[in-house]
Amino acid sequence: MKRRNFLKNATLTTAGLAVGSTLASCAESDSKEKKVITTPQASLPLVIATWNVPNATAKAWEILNNGGSVLDALEQGCMVEEADIKNQSVGKGGRPDRDGNVTLDACIMNKDGNCGSVVYMKNITHAITVARKVMEDTPHVMLAGKGAEDYAVSIGMKRENLLTEASKKEWKEWLVEKEYKPIINIENHDTIGMLAIDKNGDISGACTTSGLAYKMGGRVGDSPIIGSGLFVDNQIGAAVATGMGEEVVKTVGSFLVVELMRKGKSPQEACEEAIKRIVNKPNSDYKNFQVGYIAVNKQGETGAYSIHEWFSMTKFQDGKNENIQSDFFNKTV
Ligand code: ASP
């Protein structure tokens, strides 16, 4: 695969700038913390996603560009990958747990700070749709397991067998070897995390996954946990994670990225700092797992950073997709 260096502080080119939008105000909540509230300077709408998912970002951008809602864009963008059985990390066709069960996690968060998620849900392809419904139509933020599945059926979604022949075959091969290697996440496509800014400059985000391949039964990762797998603050920006969920949860990663942006860091700097929090932990085993973050701020600047190579961000803007290879921490291995 040809790799391109990710543009540090991936600011937008002059061509990508919309005229007239500038820094609106700078308010200091305390002497150290600068709260920067801006209007977007980027060409909008803008969609970014983890990994190389051009069909998903194109779908989302098209909806936004036609005046659709940002939640419709995110949901339908994620649904593209959930329905694609060749993508073995989300939705139908996802790799199962050790017992052969495909269990899905997903969440969504809107510009008003509302959110919904599903965890450990079986037999329903479009976990992102259920997460959105939890946010919009229930008094709760999270539904788990059988409750999430039953809720999905109650709103008209159909039960399906999510274990495809391809994923079943790989699982059976893994059973023979029985060696749990989360290092697999260094090279494989993973969670789809998607962040979008609509034409009004409002930000929302979504995340959907089948989680770590061959995880223990009952395991839930970062992806459905608001603050870990995804966080949106419409005044500041948003971030979403992929990779070893346990490490993201331990550092409340996506919330951290957004808080670092609140303190004045660019999306790129914030992603780098959040990755360094993981690798600099005492006795960190970072050489054996991957974590990647992508982020966008209110101005439409974007960033991506991971522990190891083989992480990329898809960006759809101005009617075209770009897959941007992420810069990464572990350049010596
Ligand atoms: N973050 C996901 C999880 O830990 C999986 C991944 O992105 O590979 O469940």
Side-chain angles (χ1 to χ4, degrees), residues 21 23-27 29 33-42 44-49 57 60-61 63-79 105-119 126-143 148 151 155 192-208 222-241 252-263 267 270 293-302:
S21 299
L23 193 72
S25 68
C26 266
S29 55
E33 185 174 339
K34 262 195 200 160
K35 190 174 178 192
V36 182
I37 300 172
T38 62
T39 52
Q41 296 180 307
L44 299 178
L46 166 65
V47 179
I48 59 172
T57 48
W61 190 87
I63 290 169
L64 286 172
N65 203 44
N66 289 335
S69 82
V70 68
L71 291 178
D72 285 347
L74 290 166
E75 180 186 353
Q76 289 186 41
C78 287
M79 285 171 71
D105 299 331
C107 73
I108 196 160
M109 188 164 190
N110 74 7
K111 68 180 175 61
D112 300 321
N114 291 323
C115 53
S117 74
V118 290
V119 308
H126 294 300
I128 197 66
T129 300
V130 191
R132 181 178 176 183
K133 287 284 185 189
V134 170
M135 174 177 76
E136 291 180 337
D137 294 347
T138 81
H140 307 305
V141 296
M142 187 179 281
L143 292 180
Y151 173 66
I155 57 173
I192 303 305
M194 189 180 280
L195 308 173
I197 311 185
D198 66 17
K199 283 180 174 171
N200 300 323
D202 288 322
I203 308 171
S204 296
C207 188
T208 182
D222 61 311
S223 303
I225 300 176
I226 295 297
S228 292
L230 170 72
F231 195 70
V232 176
D233 181 329
N234 193 35
Q235 289 202 318
I236 303 297
V240 69
V252 199
S254 294
F255 182 72
L256 174 62
V257 172
V258 173
E259 285 304 295
L260 289 166
M261 291 194 288
R262 187 193 306 282
K263 297 222 177 230
Y293 292 107
I294 63 169
V296 65
N297 67 10
K298 193 69 176 167
Q299 297 99 302
E301 294 171 316
T302 60

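Throughout, numbering of the chain's residues begins at 1 and tracks the sequence.
- For Asp72, the side chain to side chain donor-acceptor pair (under 3.5 Å) partners two or more places apart in sequence, or in a different chain, are Ser69, Arg132.
- The two atoms that bring Cys78 and Ile128 nearest to each other are CB-CG2, 3.9 Å, heavy atoms only.
- When every heavy atom of Met261 is checked against every heavy atom of Ala270, the shortest pair comes out as CG-CB, 3.7 Å.
- Thr302 is not listed as a side-chain neighbour of Ile294, based on a closest heavy-atom distance of 4.5 Å or more.
- Residue pairs meeting the salt bridge (charged side-chain N to carboxylate O under 4.0 Å, His left out) criterion with at least one member in residues 228-238, sequence neighbours excluded: Asp233-Arg262.
- Under the rule for a side chain to side chain contact (heavy atoms under 4.5 Å, CB included), the partners of Asn110 that lie at least two apart in sequence or sit in another chain are Leu71, Asp112, Asn114, Met135, Ser204.
- Taking the ring-ring contact (aromatic ring centres under 6.0 Å, His included) definition, one finds that Tyr151 meets it with nothing, sequence neighbours left out.
- With sequence neighbours left out, Lys133 forms a salt bridge (charged side-chain N to carboxylate O under 4.0 Å, His left out) with Asp137.
- The two residues Asp222 and Ala241 make their nearest non-hydrogen contact at OD2-CB, 3.6 Å.
- When side chains are defined from C-beta on, Pro267 does not count as touching Val296, because their heavy atoms never get closer than 4.5 Å.
- Every residue two or more places apart in sequence or in another chain was checked for a side chain to side chain donor-acceptor pair (under 3.5 Å) with Ser228, and none qualifies.
- Side chain of Ser254 to main chain of Gly229: a donor-acceptor pair is present (N/O by atom type, distance under 3.5 Å, no hydrogens or angles).
- Between Val240 and Tyr293 the shortest side-chain heavy-atom distance does not fall below 4.5 Å.
- Here the shortest heavy-atom pairing between Ser223 and Cys107 reads O-SG, 3.1 Å.
- Closest heavy-atom contact between Thr57 and Ala49: CG2-CB, 3.6 Å.
- Using a 4.5 Å cut-off on side-chain heavy atoms (C-beta onward), Val134 and Val141 make no contact.
- For Ala60, the side chain to side chain contact (heavy atoms under 4.5 Å, CB included) partners two or more places apart in sequence, or in a different chain, are Val47, Ala73, Met194.
- Nearest heavy-atom pair, Ala148 versus Leu143, reported as atom, atom and distance to 0.1 Å: CB-O, 3.6 Å.
- A distance-only check finds no donor-acceptor pair linking the side chain of Asn66 to the backbone of Gly68 [under 3.5 Å].
- Evaluation of the side chain to side chain donor-acceptor pair (under 3.5 Å) rule for Asn234 yields Asp202, Lys298 as partners, not counting sequence neighbours.
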